[in-house]
K.L.:
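The following block contains the structure, expressed as structure tokens.
Every heavy atom of this structure was used, including side-chain atoms; hydrogens, water molecules and symmetry mates were not. Counting starts at 1 for both ligands and their atoms, in listed order.
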Amino acid sequence: MADTELLNGRLIVTTGDITTMSTGAIVNAANSSLMGGGGVDGAIHRSGGAAIIEECKRIRQSRYPDGLPTGEAVMTTAGNMPARHVIHTVGPVWHGGGSGEAEQLSSCYRRSLEVAAELSLKDIAFPAISTGIYGYPKDKAALVAFAAVQDFLESSELPQTVYFVFYSPGDARVFLDTIG
Ligand code: ADP
């Protein structure tokens, strides 16, 4: 499926494996332990190598002994991947929508973009946070993700370009149909 440009070309919807993106940062849908897991988290740690987990351990010891809170974001190296950094964020587990899930998911996007802007990164790639193992409905997540990025880019020059990387063309289609 061809890439789709939105928000005057500053948001690009694409399909594939986020570990291959050569952006300033790729975002990891981590869990609060920061010690790796399944899905995109597992793929990022496998591709990036041990340097990422080493840095995550140091972050846990120094800043987040009880784990990274939901909606928060921290940066590490990208290790062996072509991206420069990984921004780890913890999405909400879906509990039906009445437990602050939308605010937490929005915070994941906003905090990740803030970290990228602080690092003066030109571009950043997001997976569809929370829509796998954490069970957030894809259409509902699409609206939250799009609004959060649109809001942030309206008031920030950086990052210049945001990529939404969907693992399958079907997921990209759900996103585009939902926001369209
Ligand atoms: P969460 O626990 O936040 O739900 P998951 O990793 O289970 O995280 O899923 C988040 C999304 O990432 C899902 O839509 C899944 O299909 C997608 N995904 C899994 N592996 C990759 C990958 N290598 N690149 C991009 N997206 C991926």
K.L.:
Could you list each nitrogen or oxygen of ligand 1 that sits under 3.5 Å from a protein nitrogen or oxygen, with the atom names and the distance?
P.N.:
from: ligand 1; atom 1: 3 (O); to: S130; atom 2: N; distance (Å): 2.9
from: ligand 1; atom 1: 4 (O); to: S130; atom 2: O; distance (Å): 3.4
from: ligand 1; atom 1: 4 (O); to: G132; atom 2: N; distance (Å): 2.9
from: ligand 1; atom 1: 4 (O); to: I133; atom 2: N; distance (Å): 3.1
from: ligand 1; atom 1: 4 (O); to: Y134; atom 2: N; distance (Å): 3.0
from: ligand 1; atom 1: 6 (O); to: V40; atom 2: N; distance (Å): 2.8
from: ligand 1; atom 1: 7 (O); to: I133; atom 2: N; distance (Å): 2.8
from: ligand 1; atom 1: 9 (O); to: G132; atom 2: N; distance (Å): 3.4
from: ligand 1; atom 1: 14 (O); to: T131; atom 2: OG1; distance (Å): 2.9
from: ligand 1; atom 1: 23 (N); to: D17; atom 2: OD1; distance (Å): 2.9
from: ligand 1; atom 1: 24 (N); to: I18; atom 2: N; distance (Å): 3.0

K.L.:
Tell me, yes or no, whether the heavy-atom count around E154 atom CD, taken from other residues, nucleotides or ligands under 6.0 Å, exceeds 12.
P.N.:
yes
K.L.:
Y109 vs F126 aromatic rings, parallel, tilted or perpendicular, using cut-offs 30° and 60°?
P.N.:
tilted
K.L.:
Donor-acceptor pair, distance only, cut-off 3.5 Å: does the side chain of R84 make one with the backbone of A78?
P.N.:
no
K.L.:
Run the side-chain contact (heavy atoms from CB on, under 4.5 Å) test on I124 and I87 for me, step by step, so that the C-alpha distance in whole Å, both residues' side-chain angles and the decisive distance to 0.1 Å come before the verdict.
P.N.:
CA-CA 9 Å; I124 181 172; I87 296 174; 4.0 Å; yes
K.L.:
Check for a donor-acceptor pair, side chain of R60 on one end and backbone N or O of S33 on the other, with a separation under 3.5 Å.
P.N.:
yes
K.L.:
How many angstroms lie between atom CZ of R110 and atom CD of E103, to the nearest 0.5 angstrom?
P.N.:
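Here the rounded value is 10.0 Å.
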